[in-house]
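Below: one structure, written as structure tokens.
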Number of protein chains: 2
Amino acid sequence: MVKRQDAASENASDIRQIFDAFTEIGIIHQLSRTLFEQRLDDSLLLPHFTVLNHLARLGDGVTPLSLAVAFQVPKTTLTHTLSGLEKRALIETRPNPHDGRGKLVFITKSGREFRDNAITSLGPDISRLASEFDFTKLEAVLPVLKELRATLDRYRDKN
Amino acid sequence: MVKRQDAASENASDIRQIFDAFTEIGIIHQLSRTLFEQRLDDSLLLPHFTVLNHLARLGDGVTPLSLAVAFQVPKTTLTHTLSGLEKRALIETRPNPHDGRGKLVFITKSGREFRDNAITSLGPDISRLASEFDFTKLEAVLPVLKELRATLDRYRDKN
DNA sequence: TCATACTAGTACGATATCGAACAAACAAGT
DNA sequence: ACTTGTTTGTTCGATATCGTACTAGTATGA
């Protein structure tokens with residue numbers, strides 16, 4: 001494993017490309033968010049769905065803080081998101097038996113249904129998009145994105 | 001040009017991977033945004049910089065609406081972003097001589113300086129990140145991202 | 001057991017985001 | 001000119017986001 005020694009010697013075009021990539025990522029995020037939110041009823045937004053999806057896929061009974069870390073948002077933001085979900089009975093929270101300060105978050109039956117419906121309702125969009133964009137290309141991209149994410153993640157912790 | 005006929009036959013694991021990719025993109029956006037905003041003074045945020053960068057790189061004298069389209073945000077959001085920039089004299093607006101309804105946006109001298117400083121101040125971060133993540137990998141990823149963006153973009157227009 | 005430091009979650013205030021509705025100017029056809 | 005429909009940008013109100021400060025509970029060590 002050879003460390004690059006010229007790490008500090010990025011030139012202007014390298015930096016521009018890096019900015020471009022992040023700009024592109026921002027716009028994709030924005031576009032997908034808008035598209036997705038058009039398919040959600042009840043004025044729920046992408047963060048709400050993201051939480052439900054996480055709970056459904058990776059298991060519930062987790063702390064709010066662990067969710068905030070998973071999505072890299074401040075915990076105050078997550079408090080707000082969870083309160084919206086709880087108000088609609090898509091999740092419920094119980095005291096953490098192992099930690100008197102904390103809560104555990106559980107997805108409810110209607111939460112699962114809501115999540116499943118959201119995914120189902122997105123099916124036609126994905127099909128239509130798949131006729132123009134070959135999603136298998138994401139297979140090659142995803143590992144790079146994950147590595148970039150992990151690097152940024154580690155870097156953040158060191159600050 | 002052969003249209004895929006099985007576009008509607010995505011299975012669950014395909015869909016999961018698509019969701020994963022968008023989730024990853026969202027988190028990268030979030031992380032880069034936070035990191036970047038820590039380097040900006042004056043409580044300016046990423047959207048402010050993004051506008052300045054766009055004007056500096058691709059030229060100013062453009063309409064607010066064209067900026068909103070470029071970043072895929074609602075024009076009301078851009079009104080707000082521009083007002084923040086104008087209040088700090090980083091941009092200025094003049095009436096559009098060709099269209100009595102519109103404005104044109106220009107970047108000021110201090111706007112350029114601000115943008116240059118922001119990029120410079122990010123240099124050390126990029127260098128340190130480059131020692132852990134090989135940014136040349138973005139060269140392979142960027143075209144795919146651009147294609148995905150273009151597809152989403154076209155799709156949105158059809159709605 | 002106590003003091004200190006730390007952690008989970010919330011309250012609050014400031015700003016950001018965005019949809020809906022609007023006014024003003026344009027465009028096209030009549 | 002005049003009507004109709006469209007486009008630019010703003011205002012307004014509702015919600016989202018997030019930094020700061022706080023409370024309550026936990027962990028550690030003397």
Side-chain angles (χ1 to χ4, degrees), chain A residues 26-27 29-51 61-88 91-105 156-157 159, chain B residues 26-27 29-38 40-51 61-88 91 93-105 156-157 159:
Chain A
I27 293 175
H29 179 61
Q30 177 72 16
L31 281 164
S32 60
R33 181 177 181 260
T34 304
L35 169 62
F36 187 71
E37 290 179 352
Q38 287 173 348
R39 299 291 175 267
L40 287 182
D41 332 306
D42 285 339
S43 74
L44 288 178
L45 302 178
L46 181 58
H48 297 116
F49 171 82
T50 306
V51 168
V62 299
T63 67
L65 188 57
S66 74
L67 295 171
V69 170
F71 308 133
Q72 298 293 348
V73 297
K75 56 186 179 175
T76 63
T77 301
L78 207 88
T79 297
H80 190 256
T81 304
L82 290 181
S83 80
L85 286 169
E86 193 159 22
K87 198 178 301 172
R88 289 168 177 84
I91 61 163
E92 57 184 27
T93 59
R94 304 176 207 147
N96 187 340
H98 304 305
D99 187 337
R101 296 164 297 182
K103 288 175 164 188
L104 296 180
V105 182
R156 191 194 53 119
D157 291 339
N159 267 353
Chain B
I27 293 175
H29 179 61
Q30 175 74 17
L31 281 163
S32 61
R33 179 175 182 262
T34 305
L35 169 61
F36 187 71
E37 289 179 353
Q38 288 173 348
L40 287 182
D41 331 307
D42 287 338
S43 74
L44 288 178
L45 301 177
L46 180 59
H48 298 116
F49 170 83
T50 306
V51 168
V62 298
T63 67
L65 188 58
S66 74
L67 295 171
V69 170
F71 308 134
Q72 297 292 347
V73 297
K75 56 186 180 175
T76 63
T77 301
L78 207 88
T79 297
H80 189 257
T81 305
L82 290 180
S83 80
L85 285 168
E86 192 159 24
K87 198 177 301 171
R88 289 170 177 82
I91 61 163
T93 58
R94 303 176 210 149
N96 187 341
H98 303 305
D99 187 336
R101 295 163 298 181
K103 288 175 163 186
L104 297 180
V105 182
R156 191 194 55 116
D157 290 339
N159 268 354

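Since we're looking at a predicted model, the values are computed, not measured. So you know, we letter chains A, B, ... as the sequences are listed, proteins then strands, and number each from 1.
Taking the side-chain hydrogen bond (donor to acceptor under 3.5 Å, both in side chains) definition, one finds that Glu86(A) meets it with Thr93(A), sequence neighbours left out.
For the residue pair Arg88(B) / Ser43(B), a side-chain donor-acceptor distance below 3.5 Å is found, with atom types taken as modelled.
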- line: In B/S/- notation (B base, S sugar-phosphate only, - none; protein heavy atoms under 4.0 Å), nucleotides 3-18 of chain D written 5' to 3' is ----BBBBB----SBB
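Taken to the nearest 0.5 Å, the CD atom of Glu37(B) stands 9.5 Å off from the CG atom of Leu44(B).
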Show me the donor-acceptor pairs, under 3.5 Å and distance only, between side chains in residues 77-84 of chain B and residues at least two apart or in other chains.
unit_1	atom_1	unit_2	atom_2	d
Thr79(B)	OG1	Lys75(B)	O	3.1
Thr81(B)	OG1	Thr77(B)	O	3.1
Ser83(B)	OG	His80(B)	O	2.9

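Under the side-chain contact (heavy atoms from CB on, under 4.5 Å) test applied with Leu31(B), the options Ile27(B), Leu35(B), Thr34(B) reduce to a single match, Ile27(B).
Summarising the geometry, the separation between CD on Gln38(B) and C1' on dT20(D) is reported as 15 Å, rounded to the nearest angstrom.
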